[in-house]
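Below is one structure, written out as structure tokens; comments come after it.
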There are 2 protein chains.
Amino acid sequence: MFQAAAAAFSDRGFDGVGVDEIAAIAGVNKAMIYYHFTDKLELYREVVRDMLRDASVRVTAIAESDRPAPLRLETFIAAFVEMADARPWFPTLMLREMAEGGPRLDPDTLVLMRSVFVAFARIVQEGQATGAFRSVNLVLAYMSTIGPLLLNAARERAARQPGRSDLPMFVEVPHAVLAAHMQQVALDMLRIKP
Amino acid sequence: MFQAAAAAFSDRGFDGVGVDEIAAIAGVNKAMIYYHFTDKLELYREVVRDMLRDASVRVTAIAESDRPAPLRLETFIAAFVEMADARPWFPTLMLREMAEGGPRLDPDTLVLMRSVFVAFARIVQEGQATGAFRSVNLVLAYMSTIGPLLLNAARERAARQPGRSDLPMFVEVPHAVLAAHMQQVALDMLRIKP
DNA sequence: GTCTATAAATAGATAGAC
DNA sequence: GTCTATCTATTTATAGAC
């Protein structure tokens with residue numbers, strides 16, 4: 001049921017999805033939504049939290065592994081691609097929430113978002129400490145890593161709309177190619193310059 | 001008046017902004033909106049088109065200049081940062097429209113979006129032809145270039161929400177630093193590997 | 001061209017039976 | 001826990017005076 005609601009919110013946003021519609025795709029009555037959640041906002045928050053919890057746990061485990069930092073960075077990126085594969089609504093919902101400035105994010109959700117960033121930052125900083133990575137602005141490095149992943153997911157969705165397949169920017173890109181490209185760019189960004 | 005509507009749509013999305021509100025910030029009566037536009041959707045489309053027209057003209061001029069490709073690429077990125085500076089609603093509105101899969105984009109707008117991508121692709125391809133750039137997937141290179149720029153604009157907006165200033169991922173990053181970082185990453189991505 | 005007033009549809013939310 | 005029916009507020013859109 002969360003999946004259905006998440007996909008709908010991801011498609012059309014908080015204001016674009018009615019509680020009626022969520023009830024319909026969840027196969028329950030609208031009154032049931034209000035029996036389980038105080039209001040639409042709380043339902044939305046629970047959907048976003050649920051989604052971010054998984055992402056947080058996963059990338060934190062990657063960051064805490066004892067493998068070399070460059071390898072952990074590659075795994076971090078691969079994990080994002082896999083999550084986007086398994087749950088297509090994840091990147092666009094996250095992207096939309098960011099685009100809105102996150103006015104509906106509660107403190108718990110912010111902590112989860114923070115932990116994803118912290119996992120990334122930890123990998124980069126440990127790579128710098130061992131001399132594998134050069135010095136960079138951590139926030140911008142983070143933007144450079146997940147920005148293209150999120151935007152590409154949006155691009156894929158836009159490509160699925162009717163009458164788009166002929167446009168060159170909407171060509172299909174296999175996720176293996178995507179992951180390889182993103183790993184390469186991230187490592188290029190952090191590599192010590194000769 | 002377009003600016004006011006654009007800023008509102010950028011903040012809260014198509015469904016999040018009422019025609020009443022647009023009329024109010026534009027300082028006119030709601031009936032005036034419907035006198036000038038057939039409906040809310042057409043107004044929205046005109047806002048997006050107007051915004052993209054400027055961007056398209058600007059980056060096309062950069063792509064058509066006769067300077068070396070790496071320099072044109074740097075200018076392309078600097079132009080994006082400047083546009084985001086001058087019109088803060090531009091990146092988030094574009095990002096949101098992408099995140100939604102662009103279901104409201106009309107053919108004219110798609111042509112404009114296409115022309116921005118084409119300008120980028122032209123710079124990269126000409127750089128490849130002269131041996132300055134290595135071979136890459138053009139679409140992914142585009143995602144890697146504008147994705148972080150758009151996401152960072154969203155990050156900046158999110159940072160302006162109350163109670164966010166203490167979170168490490170919401171630290172302020174000067175736009176000069178942003179531009180320099182993005183130019184560096186783009187050139188690293190395209191540089192011929194040793 | 002610009003306004004007031006209002007129609008018509010939709011959305012969030014709740015009451016109350018079972 | 002689950003439903004039907006309904007209330008209330010909001011929203012898109014228009015009619016019609018000036």
Side-chain angles (χ1 to χ4, degrees), chain A residues 1-51 89 92-97 99-109 157 161, chain B residues 1-51 89 92-93 96-97 99-109 161-162:
Chain A
M1 170 218 169
F2 265 25
Q3 304 202 176
F9 280 132
S10 168
D11 262 349
R12 293 181 303 290
F14 180 78
D15 293 305
V17 182
V19 179
D20 281 296
E21 187 186 341
I22 294 173
I25 37 185
V28 298
N29 190 277
K30 175 165 65 165
M32 277 305 297
I33 304 283
Y34 286 98
Y35 177 77
H36 286 290
F37 304 92
T38 66
D39 57 8
K40 185 186 176 184
L41 180 59
E42 214 220 35
L43 162 63
Y44 178 81
R45 284 180 168 163
E46 191 53 44
V47 164
V48 176
R49 264 197 306 269
D50 179 68
M51 192 183 70
W89 64 84
T92 37
L93 187 50
M94 194 160 163
L95 191 61
R96 185 193 294 275
E97 195 54 47
E100 298 185 347
R104 285 182 284 270
L105 297 182
D106 53 306
D108 281 2
T109 308
R157 163 166 307 177
Q161 298 269 339
Chain B
M1 169 218 171
F2 264 27
Q3 303 202 177
F9 280 132
S10 169
D11 262 348
R12 293 182 302 291
F14 180 78
D15 294 305
V17 181
V19 180
D20 280 298
E21 187 186 341
I22 294 172
I25 36 184
V28 299
N29 190 276
K30 174 165 62 166
M32 277 305 296
I33 304 281
Y34 285 98
Y35 177 78
H36 286 290
F37 304 93
T38 67
D39 58 7
K40 185 186 175 184
L41 180 58
E42 215 221 35
L43 162 63
Y44 178 81
R45 285 179 167 163
E46 190 53 43
V47 164
V48 176
R49 265 197 305 270
D50 179 67
M51 192 184 70
W89 63 86
T92 36
L93 187 50
R96 183 192 297 273
E97 194 54 48
E100 298 184 347
R104 283 182 285 269
L105 296 182
D106 53 307
D108 282 1
T109 308
Q161 299 267 338

Determine all donor-acceptor pairs shorter than 3.5 Å in which one atom belongs to a side chain in residues 11-19 of chain B; sequence neighbours excluded.
residue : atom : partner  : partner atom : Å
B:Asp11 : OD1  : B:Arg157 : NH1          : 3.1
B:Arg12 : NH2  : B:Glu21  : OE1          : 3.2
B:Arg12 : NH2  : B:Glu21  : OE2          : 2.0

Checklist outcome for this item: For B:Arg49, the side chain to side chain contact (heavy atoms under 4.5 Å, CB included) test, sequence neighbours excluded, returns B:Arg45, B:Glu46, B:Arg53, B:Asp106, B:Asp108, B:Thr109, B:Leu112
Checklist entry - Among residues 2-12 of chain A, which contact DNA chain C at a heavy-atom distance under 4.0 Å? => result none
Item to check | Set of side chain to side chain contact (heavy atoms under 4.5 Å, CB included) partners for A:Ala26, sequence neighbours left out | outcome: A:Met1, A:Val28
Item to check | All side-chain hydrogen bond (donor to acceptor under 3.5 Å, both in side chains) counterparts of A:Glu100, not counting sequence neighbours | outcome: A:Arg104, B:Arg96
Checklist entry - side-chain hydrogen bond (donor to acceptor under 3.5 Å, both in side chains) with A:Tyr44: which residues, sequence neighbours excluded? => result A:Glu97
Checklist entry - Between D:dA13 atom C1' and B:Ile33 atom CD1, what is the distance in whole Å? => result 12 Å
Checklist entry - Hey, mind stepping through B:Gln3 and B:Trp89 against side chain to side chain contact (heavy atoms under 4.5 Å, CB included) and telling me if it holds? => result CA-CA 8 Å; B:Gln3 303 202 177; B:Trp89 63 86; 3.7 Å; yes
Next on the checklist: Does the protein touch nucleotides 2-16 of chain C at the base, only the backbone, or not at all? Give it as B, S and - per nucleotide, heavy atoms under 4.0 Å.
Outcome noted: BBB-------BBBB-
Next on the checklist: Please list all pairs meeting salt bridge (Lys or Arg N to Asp or Glu O under 4.0 Å) that have one or both residues in residues 30-42 of chain A, counting only residues at least two apart or in different chains.
Outcome noted: A:Asp20-A:Lys30
Next on the checklist: Taking side chain to side chain contact (heavy atoms under 4.5 Å, CB included) as the definition, give me every residue that meets it alongside B:Gln161, ordered by chain and number, with sequence neighbours left out.
Outcome noted: A:Pro103, B:Arg164
